[in-house]
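When a ligand or atom number is given, it counts from 1 through the structure's own listing order. Sequential numbering from 1 along the given sequence is applied to the chain's residues.
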Amino acid sequence: MSPTASPLGKDLIGLEHLTSEQIRTILDTAEPFKEISERKIKKVPVLRGKTIVNLFMEPSTRTRISFEFAEKRLSADTVNIAASGSSVQKGETLVDTARNLEAMRIDMVVIRHWASGAAAFLADRIPSNVINAGDGAHEHPTQALLDLLTIRDRLGAIEGLKVCIVGDILHSRVARSNIFGLLTLGAQVGVCGPRTLLPYGIEEMGVKVFRRVEDAIEWADVLNVLRLQLERMQGGYVPSLREYNRVYGISSRRLDAASRETLILHPGPMNRGVEIDSDVADGPHSVILKQVTNGVAVRMAILYLLAGGQPEKAEAAKQGGVDG
Ligand code: CP
């Protein structure tokens with residue numbers, strides 16, 4: 001990989017400050033990388049010699065495994081660290097952990113952390129590239145990018161679409177990253193959920209607020225259904241799971257009552273029968289597993305670009321034809 005400047009800068013912390021050109025560059029670069037995962041031998045030498053640490057201080061299935069597949073398919077050397085079993089349990093700080101990793105000569109850190117701002121905090125203190133894999137309620141940029149790619153695959157363009165995010169917006173880093181990315185690419189964005197789960201002043205982000213999920217479904221081309229964070233139930237944000245499903249659950253009955261079809265996304269993990277019914281999650285308008293597949297290509301694109309790969313050479317790089 002040649003040491004050219006990345007079009008994304010050193011790190012990927014969020015979508016809030018990315019331009020539409022930078023977002024399109026990531027999505028366009030992901031396109032050629034999709035094919036690698038369809039091969040019998042899913043490996044190209046694009047990141048050969050790079051060492052990447054996946055530092056996950058919160059649970060994750062999709063994001064951690066997707067990053068690990070993306071790294072391995074690009075031939076990077078990877079190490080996984082979780083809070084449990086590491087010296088974090090002995091009280092080591094995030095920066096000390098990262099500096100010790102740097103002392104072993106790493107190139108990139110993918111971090112998931114419970115604290116909003118943890119990824120930016122780390123990025124300011126270590127020379128390695130830092131990729132935010134979800135920090136507190138702040139941002140989850142790679143999730144939003146794979147959502148954007150999946151919507152673009154199915155509906156052609158993001159500009160002009162109406163996308164409504166349904167559920168726990170208050171605690172959701174996925175919602176924030178989606179709102180930033182969708183608005184930057186020219187979509188109209190709606191949000192819908194109980195008053196207790198909508199941040200005060202959310203309209204100031206430039207989104208339309210729906211009180212009734214039926215109105216949101218009627219308005220939207222795309223519904224991005226968020227997990228009801230069950231750990232929040234003790235906070236009294238909703239009366240009961242059954243009540244939430246009755247008022248806000250995405251069911252085929254509600255979708256069939258609308259005058260047009262709606263594409264269904266969900267970032268996972270799903271609570272079937274709470275925010276989404278199984279026949280919708282597994283139904284013809286759902287692209288939930290397509291999101292997961294696209295996640296690997298999007299993460300490959302981000303790793304490639306941050307390592308200095310040039311967008312216009314991604315096609316040749318994945319054939320092993322050029323050095324990044
Ligand atoms: N969508 C998402 O972030 O899922 P995980 O928590 O399993 O990574």
Side-chain angles (χ1 to χ4, degrees), residues 12-16 26-27 30 37 52-73 78 80-84 108-119 130-151 153 163 165-182 193 197 222-233 250 263-272 274-276 280-282 286-303:
L12 179 66
I13 304 302
L15 298 195
E16 183 173 6
I26 297 169
L27 303 185
S37 297
I52 304 177
V53 174
N54 300 311
L55 186 59
F56 276 66
M57 297 294 155
E58 253 194 356
S60 167
T61 299
R62 276 146 293 272
T63 312
R64 185 178 60 75
I65 292 171
S66 177
F67 264 112
E68 205 177 334
F69 276 139
E71 292 154 4
K72 287 187 187 326
R73 287 175 192 177
T78 67
N80 295 326
I81 303 175
S84 144
M108 294 190 189
V109 178
V110 176
I111 179 170
R112 169 168 289 193
H113 202 281
W114 50 266
S116 300
V130 174
I131 302 174
N132 183 4
D135 62 328
H138 173 230
E139 282 223 38
H140 192 348
T142 61
Q143 178 66 48
L145 288 161
L146 72 87
D147 293 345
L148 291 169
L149 184 64
T150 308
I151 295 170
D153 281 354
V163 181
I165 305 167
V166 183
D168 181 355
I169 314 294
L170 182 65
H171 301 103
S172 177
R173 54 197 176 207
V174 175
R176 283 175 55 81
S177 289
N178 263 277
I179 290 169
F180 293 133
L182 287 162
L197 292 176
V222 179
L223 290 180
N224 198 343
V225 186
L226 301 182
R227 178 172 82 95
L228 186 67
Q229 302 192 15
L230 299 181
E231 56 273 31
R232 312 287 176 200
M233 287 301 297
I250 305 301
L263 195 67
I264 302 294
L265 284 82
H266 191 306
M270 282 186 279
N271 299 304
R272 291 172 180 264
V274 181
E275 72 268 5
I276 189 165
V280 175
D282 304 328
S286 164
V287 285
I288 294 171
L289 291 178
K290 187 72 187 152
Q291 290 172 265
V292 178
T293 304
N294 277 342
V296 179
V298 160
R299 290 171 177 125
M300 280 184 192
I302 291 161
L303 295 165

Shell of residues surrounding ligand 1, defined by a 4.0 angstrom heavy-atom cut-off that is strict: S60, T61, R62, T63, R112, H140, Q143, P267, G268
Residue pair R227, N271: steps toward the side-chain contact (heavy atoms from CB on, under 4.5 Å) verdict: CA-CA 6 Å; R227 178 172 82 95; N271 299 304; 3.4 Å; yes
Set of side chain to side chain contact (heavy atoms under 4.5 Å, CB included) partners for R64, sequence neighbours left out: F56, S60, E68, N80
Distance in Å, I81 CD1 paired with M57 CE, rounded so as to fall on 0.5 Å steps: 6.5 Å
Closest contact, heavy atoms only, Q143 versus R299: N-NH2, 4.0 Å
Residue among N54, L55, T63, D135 satisfying side-chain contact (heavy atoms from CB on, under 4.5 Å) with R112: T63
I52 and F67, any side-chain heavy atoms less than 4.5 Å apart: no
